[in-house]
Amino acid sequence: MTNIILLGPPGAGKGTQARYLVESRGMVQLSTGDMLREAQTSGTEMGKKVAAIMAEGKLVTDQIVIGLIREKLQGGAEGGFIFDGFPRTLAQADALAKLLDEMDLKLDAVIEMQVDDEALVARITGRSTCGGCGEVYHDQTKPWPADGKCANCGSTDVQRRADDNEDSLKTRLMEYYKKTSPLIGYYYAKGNLQRVDGLASIEEVRKSMAWIMGE
Ligand code: AP5
């Protein structure tokens with residue numbers, strides 16, 4: 001069993017690689033972004049508040065996301081967990097360490113996906129997702145098949161996220177540098193940190209991650 005964290009700014013490729021690891025290694029992806037988008041559809045007061053915070057590009061409170069992760073960890077994962085977009089603050093990192101400890105689980109690697117800011121704008125503004133299966137596409141680098149049907153599930157439901165615009169991205173990047181990037185030093189000091197060149201092709205990034213994970 002391997003438990004890993006994917007760490008990187010918005011658009012670094014965390015979700016793309018996590019999907020591949022789910023398919024190829026049977027790992028369980030814990031994406032707090034996906035969980036929060038799901039919470040938005042509940043129509044509750046909490047869901048509405050979360051939607052407004054996310055559209056602006058700010059971080060949702062530690063209390064909410066730690067609660068979500070705690071709940072999902074109870075389900076267990078034979079192939080290991082991929083923490084995608086969590087932790088994002090030092091308080092979340094400490095909470096995760098405590099939760100893993102309580103469950104007798106260990107963290108095998110924290111993989112920092114390094115991408116420069118200019119590339120992120122192009123990646124975020126060109127992204128779309130399949131509403132049927134969650135497959136991630138990009139207008140230039142991974143366009144939808146010409147027949148308009150998702151290559152994975154055949155759905156024609158092309159979705160674009162409310163926070164995938166240049167204004168929200170500026171705030172998301174600011175939040176990343178202020179609150180999340182200190183985790184790089186935190187995990188380096190713990191001896192968990194590994195780095196991959198997130199600017200390489202999707203396939204090259206896959207290979208680097210496989211190497212880190214001992215394949
Ligand atoms: P979240 O959903 O986690 O978004 P994010 O971190 O901003 O990351 P993205 O999903 O935008 O990017 P990604 O790295 O997964 O890239 P992808 O693989 O899609 O969070 C959204 C919001 O939720 C936050 O802003 C916050 O409000 C809230 N939130 C979530 N977690 C929270 C937490 N823990 N605490 C507090 N608040 C939280 O790739 C992007 C594009 O690039 C795609 O089109 C893809 O095809 C393309 N691409 C990927 N890899 C490559 C490559 N190697 N080469 C070329 N193109 C590539």
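Order of appearance sets the numbers: ligands from 1, and atoms from 1 within every ligand. Values in this document were obtained by computation on a predicted structure and should not be read as measured data.
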Would [X] count as a contact of ligand 1 if the rule is a heavy atom under 4.0 Å away?
X      : result
Gly8   : no
Arg172 : yes
Ala200 : yes
Arg37  : yes

Is there a polar contact, in the sense of an N or O pair closer than 3.5 Å, between [X] and ligand 1?
X      : value
Arg123 : yes
Asp34  : no
Gly15  : yes
Ser31  : no

Looking only at heavy atoms, what is the nearest atom pair of Thr129 and Gly134, with distance?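 Heavy atoms of Thr129 and Gly134 come nearest at CG2-O, 3.5 Å.
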
[X] and [Y] ion-paired at < 4.0 Å:
X      : Y      : value
Asp101 : Lys98  : no
Asp139 : Arg160 : yes
Lys14  : Asp84  : no
Asp117 : Lys170 : no

Identity and distance of the protein heavy atom lying nearest atom 33 (C) of ligand 1: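 Its nearest protein heavy-atom neighbour is Arg88 CD, 3.3 Å.
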
Glu175 side chain to Leu59 main-chain N or O, any donor-acceptor pair under 3.5 Å?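 Yes, the answer is positive, given that a donor and an acceptor are paired below the 3.5 Å cut-off.
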
